[in-house]
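Remarks on the structure that follows.
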Amino acid sequence: MYPKDLLYTSEHEWVKVEGSKARVGVTDYAQKELGDVVFVDLPSVGDTLAAGQAFAVIESVKSVSDVYSPVSGTVQAVNDRLSDSPELINQSPYGDGWIAEIEIANPSELERLMSAEEYEASLVGEEKEESKEDKTE
Amino acid sequence: MFVPHTPAERRAMLDAIGVPDIAELFADIPASLRLERPLALPRPLSEAELLGELQSLAAQNADLDHHPCFRGAGVYDHLIPAAVPQLASRGEFLTAYTPYQAEASQGELQALFEFQSMMAELTGLEVANSSMYDGATALAEALFLATAATGRPEVLLPRTLHPEYREVVATYLAPRGLSWQEVPFNSRTGGMDLEQLSALLGERTAALVVQNPNFLGCVETEAARMIDLAHQAGALVVMVVDPISLALLAPPGELGADLAVGNGQPLGNPPAFGGPHFGFLAARADLVRRLPGRLVGETVDRHGRRGFVLVLQTREQHIRRERATSNICTNQALQALTAAVYLALLGPAGLAKVASACLHKAHYAASRLASLPGFRLAFPEGVFFQEFVLEVPFDPFSLDDELAAAGIIGPLPLYRRLAGEEWKHRMLVCVTEARTRQEIDRLVALMGRGGSCHGS
Amino acid sequence: MAADPASSPPLLCERGAPGRRAYRLPPLDVPQRPVDQLIPAQARRRMPLRLPELSELEVVRHYTTLAHRNWAVDVGFYPLGSCTMKYNPRVNELVASWPGFSRLHPYQREESVQGALEIMDRLERYLCEIAGMEAATLTPAAGAHGEFLGLLLIRAYHRERGEEACRREVIVPDSAHGTNPASAAMAGYRVVVVPSNPRGGVDLAALKRMVGPATAALMLTNPNTLGLFEEEILDIAETVHQAGGLLYYDGANMNAILGIARPGDMGFDVVHLNLHKTFATPHGGGGPGAGAIAVKQALIPYLPAPRLARDPATGRLRFVDPGPRSVGRVKEFHGHFGVLLRAYAYIRMLGAEGLREVAETAVLNANYCQALLKKAGEYEFPYPRFCKHEFVFSARRQKQASGLHAIDLAKRLLDYGFHPPTVAFPLIVEEALMCEPAETETKETLDAFVRSLLDVAREAREEPETVREAPHTLPVSRLDEVRANRHLVLRWQNPGKREDRRLGEAP
C-alpha cells in the first residue's frame, strides 16, 4: 500500500530520492480522499521552492487541494502528461501520476520526512482524530 | 399574505414541535434585541390597491412606447419580438434557482449552454461565460483577469470609454493597488490616438481596453493595429462591444482581442430604467480557468445520453472561497436566457438586418441633422454605427427641454457627463431600427426650430 | 466519445434550416448608402455568423421543451437552504412588464421618471426601517456585489481614520457563505477564519484572541448558515467594535427575522439585503438579484454613486453626485430597477404585520420539519436547538452504514418529486443537508417532504444501490461531472454541420 522505498509527509506527499533529486507525488490515501482528479496546476521548471511551500494544485470536481513541497530546491522537471491526463494521479499515484522532480537544496530536510511505517501509523491516528471530532457533535 | 396555514394547522405544527407559541422559537434572540413595535411601514395593500398605486406611479414616467427615444449611451431601444418575453418569463425559468442539481435543471443548463455558444459565435472568441452583472463589472473582472494573467499592475483605458465603465473600473482596481491611465483620442476621427497609445504601452501594462464603437459612437477602424501594439508590449486586450453591432462590425476574436465584454441588453432585454440587464464575457480558450462566473459544459449521463452541468466550479466562491476568481454568485441568468431566445428568433440574417437598419437610419439622421444651419458632426472623419456626436448651435439642455415638451426623448447632452468645455454644445445622438423615418424627420424639424426659440 | 444528439432534445443549432426566418423587421424607410462607404472593409465582420435559423414555432417548442425539463418554485417544493425559494407573487411580474416601468431609459431626464424615482426612494426608506439602519443604496446587483461594496465602505472609513494600512484583515466564521471570503479578497483584504462553538455560533473566546489593530471587519450572517441565531451577538459586536473594527451583516438569512429583530439594533454597521430572496423577486435560474446596502450614519459619506435626493424647492427626486468621500461607482446606471420594483410591491402588499408573519411562518415551517425528522431518528442533527428559517442535518450515519453521501440522498429525493436541500454546505458539518422550507409552503407539502426524506433514509439502509444510482425518473440519470470537467465542451461544436446532426435527431 505505501511503498517502502519512499519518504512521506504529513500532508500526504511522497518523495522518491534519486541522488540529488527528489521526485514528488501524492499518496494513494490522498488520491482516494480527493476523488476523481480533473485538473492539476503544475509548477514551472526553474521555480525555487521552500520546504512546505505550496507548489501545485490538484482539483477534483468540487474540491481544490494544494500540494506542498517536501523539500527545498529547484523544480527540474514536471509531469506534463498530467495536463491532458489528470486521472493518472488516481490510476498510478506512485508511478505515472508523479508531479515534479526537485533538485534538493538541503538534504538534511529529508530526515524530517516519514518512513512508510511511520506514515501508515499517522493515518491510523488521523482516522481516530476524525472520529473523535465527530463525537463532539 | 402568501402564507397558507390555517389557525388549526398552525396549532398542530406548534404541538408537533412541542412549544406553546411561535415566540418560543425566537427565545434565543436576546430580549433587548426583540423589536417590541411593528415596523414603521405603510399599511398593507390588497392586490387591487397595489395595482392602482403603481399605475399612478407608472403614469408619472415618460415611457419609450409613447416617447420616441434618440438616447443610447449604453442602453438601446431595439425591437423585441413578442415571443421573447413570453418564453423567457415562463415560470419554469423564472422561479428556478441556480442549476446546482443538474438532473432537475436540464432546461436551464441547455439554454445557458446555447447562450454561451451563441455569444462565443458573436464575439468570435472561443468561450463565453453564462453572464455577469453588467458590462462595467464584466470589464472590471476582465481586467482583474488580465492583471493576474500577466502579473502586471496597470491597465490602459481609452478616454472614449463609457464614463460609468471607467468609474466602475477605477473603484474595482483601487483596493488591490492596481492603477489605470487614459489613452487620448484623435479629435478628427473620435478614435483612439495610436501614437499616444504606443507611448503609453509598456512593461507595466497588463491590458489595453478598446471600446468599439466607443462611447462617442465612433468605430475604431484601427482596432487590429491597436491590438498588435498591445500584444507586442505583452499586454492583453479587452474589447468592450455592442452585441448587435457584431453582426456588421469585425468581432473581437477576428481582430485578435483576448477578451470581449459588454452590456447584453440590446439582445431582447428592455431598457428597464437601467436594469436588470446582463454583462457578457468571452475569452480565448486558454484563459478559461481564470474566468469569473458560471460555465455550463456538455457531458453524458449513466446511459450515455447528452446532458449539461456546471463546470469548473473550483474557480468559484462556494469552493475556492478567498482564492476564487471572483465573488460572483447570483448572476443574470434570466437576461442571458432572454438574449438566447432573441438570437434564436432573429437568426443570422435577422441580426444582420437589425444592424444594417441601425446603420442606415443613424446615417440618414446624421446627414439631415448635420445639414441644419449651425449644426455639424463633431468627428467629421469618424466612422459610426448607430450613434454619433452632434455639435449644436444652442444650449443642448434647453434643446432637450424643448424636445421633452414635444414628447421626444432627445439626444444626450454630453456636457458634465464628459470633462471639458468642448462638450458644452455636443449631444450624443442614437438611432436604432426602432425609430421610423417619420420620427427622425420630426426630430430634425424640432431641432432645427430649436434655434428660433433659443438664441445662443 | 461524443454524446449522441438523438438522446436529448436537439440543440438550437440542430434545429431549423438554412434560410428559415422567425421575425421580420419593418421595411427600411430611409435611403441607403453602400455599406462600404459607411464602414471600411477592415472594420467589418468577415467571419460567418453561424447562428441557428428557425421558425417562430420551432423556437417556441424548443423553449417549451426545455422548460419542461426544469425544476422551479412554480413546479414544486424547493427547500434549498440559504436560497429562500419562496413563492414569487404574480402581480409583481405583471407590473414589472408595464411599459411605464420596463420601457424607461436610464438616462432619461429625471423630470420624466419621477414615478420610478419615487419607488426607489420609498424602497430605500423601507429597507432602512426593516434593517434598523440610517441610509441605503439600491445600486448593487446581487448579494456578493453588496458585500464587495460594503467592504469598500469599511475600507474608506478606516482610511479617513488613517488606519487603512494597518487594518488588513476581515474575519469570517468557518460556517460563512463562500462569497464572504471571496468578497473580502476582492476588496484587498486578508481573510481570517473564526471557528464555531459547539452550539453552532461564533466561538467568542477565539474571536477575542483574533481581533486587534489589524481587524477591519467581521462579516456575519445572523441567523447563520446553520440556521441558528448568534446568541452572543451583542458580545460579538462589542468585541469587534472595541478593537476598532466594523460589523458587516450578510443579509442572506434576513427572512428569518423580518419585523422581529434588526441588524442595526444588533450593532451591525453595514447590511446587505438580498431583495431577490427575502422580498420575493424570482431567482430566474441564477439571477437577476439585487443586493441593496444599508449603513449607519458614520458610513453615509462613503456611499457610491448615484445618490438619490429630493430637491427641497421642487419636491422632485434627482440623482446627485455623492461627493468626494464616496467610494465611487460599482455598477453602471442605478441598480436593477426591475428587481427593486418587485421588492417594493412585495413590501407594500405585506406591510409590517405581513413581513413579521413571513418570518414567523418561515421559522415555524423549518422547526416543524426539523421536529418531525428528529423524532423519526433516521438522521443526525448536529445542534440541539430550535432553528430559525432553515436547519442543517447530516447524512453521516448513512455514509457510515452504506457508504452513501448526502448528494446521493439528494439525488434520490428528486425521484420523490422534491428538489433536495442544499448539500455539502456549510462546510463544518460532515455530509450536510441544509433545508429551508420558506413560509409559503403548506403543511401537506411539508408532511410529504418529511415522509420522503424518511423513505430515502429507509432505502439507504435496505437498498442503498437504488439511492446510489438515483435519480431514476428524471429526463437524465446521474450526469458525469468528472468527464465534463476533464474534457471541457463549453459550446456547440461544428454548427456548420447542422444538416448531418439533424439526421440523427429523434423523430
Side-chain angles (χ1 to χ4, degrees), chain B residues 3-4 9 13 17 38-39 41 44 57-58 60-65 81 87 90-92 94-96 98 103-104 106-108 117 133 136 164 167 171 175 221 270 272-276 297-302 305-307 317-318 321-322 324 327 330-334 345 347-348 364 437, chain C residues 3 7-8 22-23 29-30 43 49 51 53 59 63 66-67 69-74 99-100 102-104 106 112 114-115 141-142 144 178 181-183 185 188 191 261 282 284-289 328-329 332-333 336-338 351-352 361 368 371 442-443 474 476-477 479 484 489 491-492:
Chain B
V3 165
E9 287 172 330
M13 293 169 80
I17 300 168
L39 290 169
L41 294 172
L57 286 165
Q60 295 176 38
N61 300 326
D63 68 73
L64 273 57
D65 277 358
L87 294 173
R90 283 189 67 108
E92 299 93 330
L94 188 70
T95 68
T98 304
E103 295 84 357
Q106 283 301 294
E108 180 74 37
S117 302
Y133 303 139
E164 293 197 6
E167 291 175 42
T171 307
T221 55
F273 200 39
E298 185 184 303
T299 187
V300 292
D301 76 354
R302 291 202 168 154
R305 289 177 294 203
R306 181 168 63 188
Q317 48 77 26
H318 61 287
R321 300 174 80 82
E322 65 268 27
N327 69 341
T330 289
N331 60 11
Q332 305 296 119
L334 192 66
L345 284 162
Y364 170 73
R437 179 175 184 159
Chain C
S7 63
S8 74
Y23 185 70
D29 55 1
V30 299
L49 181 58
L51 294 175
E53 297 177 83
V59 176
Y63 285 101
L66 295 190
R69 290 162 70 88
N70 221 46
W71 195 259
V73 174
D74 282 3
S102 71
R103 302 262 300 134
L104 301 179
S112 72
Q114 285 297 304
S183 299
V191 175
R329 183 182 287 275
E332 63 199 51
F333 314 120
H336 288 163
F337 178 73
T361 314
Y368 178 65
T442 64
K443 180 169 173 295
L474 270 71
V476 290
S477 61
L479 290 156
V489 180
R491 57 184 291 190
W492 55 48

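Residue numbers start from 1 in every chain, and the chains themselves are labelled A, B, ... in the order their sequence lines are given, proteins ahead of strands.
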Exercise for the section: Count the heavy-atom pairs under 4.5 Å between each of B:Gln60, B:Arg321, B:Arg437 and chain C, then report the option with the highest count. Expected result: B:Arg321
Practice task
Give a yes or no answer on whether the side chain of C:His336 reaches the backbone of C:Gly289 with a donor-acceptor pair at less than 3.5 Å.
Solution key: yes
Problem - Shortest non-hydrogen contact from C:Gly286 toward B:Thr98 - result: CA-OG1, 3.4 Å
Practice task
Output yes when a side-chain donor or acceptor of B:Thr299 lies under 3.5 Å from a complementary backbone atom of B:Gly307, and no otherwise.
Solution key: no
Handout entry: Top contributor to chain B contacts, counting heavy-atom pairs under 4.5 Å, from C:Gly351, C:Gly284, C:Gly188
Key = C:Gly284
Practice task
State whether a side-chain donor-acceptor pair under 3.5 Å links B:Arg302 with C:Ser477.
Solution key: no
Handout entry: B:Arg90 versus chain C, the contacting section by heavy-atom distance below 4.5 Å
Key = side chain
Handout entry: When B:Ala58, B:Gly91, B:Ala324, B:Gly107 are compared by non-hydrogen pairs under 4.5 Å with chain C, the top option
Key = B:Gly107
Fill in the blank from the handout: Between C:Asp74 and B:Thr95, the two heavy atoms sitting closest are N-OG1, 3.0 Å
Completion exercise
Residue from C:Val73, C:Leu474, C:Leu479, C:Val489 scoring the most non-hydrogen pairs under 4.5 Å with chain B is C:Leu479
Completion exercise
Heaviest contributor of heavy-atom pairs below 4.5 Å to chain C, chosen from B:Pro44, B:Gly347, B:Pro38, is B:Pro44
Practice task
Below 4.5 Å from any heavy atom of chain C, which atoms of B:Tyr364 appear? Answer side chain, backbone, both or neither.
Solution key: side chain
Practice task
Please check if the side chain of B:Asn61 supplies one atom and the backbone of C:Gly115 the other of a donor-acceptor pair under 3.5 Å.
Solution key: yes
Handout entry: Set of side chain to side chain contact (heavy atoms under 4.5 Å, CB included) partners for B:Ala272, sequence neighbours left out
Key = none
Practice task
Find the one option among C:Gly328, C:Ala43, C:Ala22 whose heavy-atom pairs under 4.5 Å with chain B are most numerous.
Solution key: C:Ala43
Fill in the blank from the handout: Heaviest contributor of heavy-atom pairs below 4.5 Å to chain C, chosen from B:Ala104, B:Pro276, B:Pro270, is B:Pro276
Completion exercise
Answer key: most heavy-atom pairs under 4.5 Å with chain B among C:Gly285, C:Ala141, C:Ala261, C:Ser102 is C:Gly285
Fill in the blank from the handout: Per-residue tally against chain B (heavy atom, under 4.5 Å) across C:Glu332, C:Arg69, C:Lys443 peaks at C:Glu332
Completion exercise
Greatest number of non-hydrogen atom pairs under 4.5 angstrom with chain B, of C:Ala185, C:Ala144, C:Ala371, falls to C:Ala144
Exercise for the section: Report the residues that fulfil side chain to side chain contact (heavy atoms under 4.5 Å, CB included) with B:Thr330, sequence neighbours left out, ordered by chain and then residue number. Expected result: C:Ala142, C:His276, C:His283
Practice task
Could you tell me which non-hydrogen atom of C:Val191 sits nearest to which non-hydrogen atom of B:Glu322, and how far apart they are?
Solution key: CG2-CB, 3.6 Å
Fill in the blank from the handout: Cut-off 4.5 Å, heavy atoms of chain C, and the answer for B:Ile17 is both
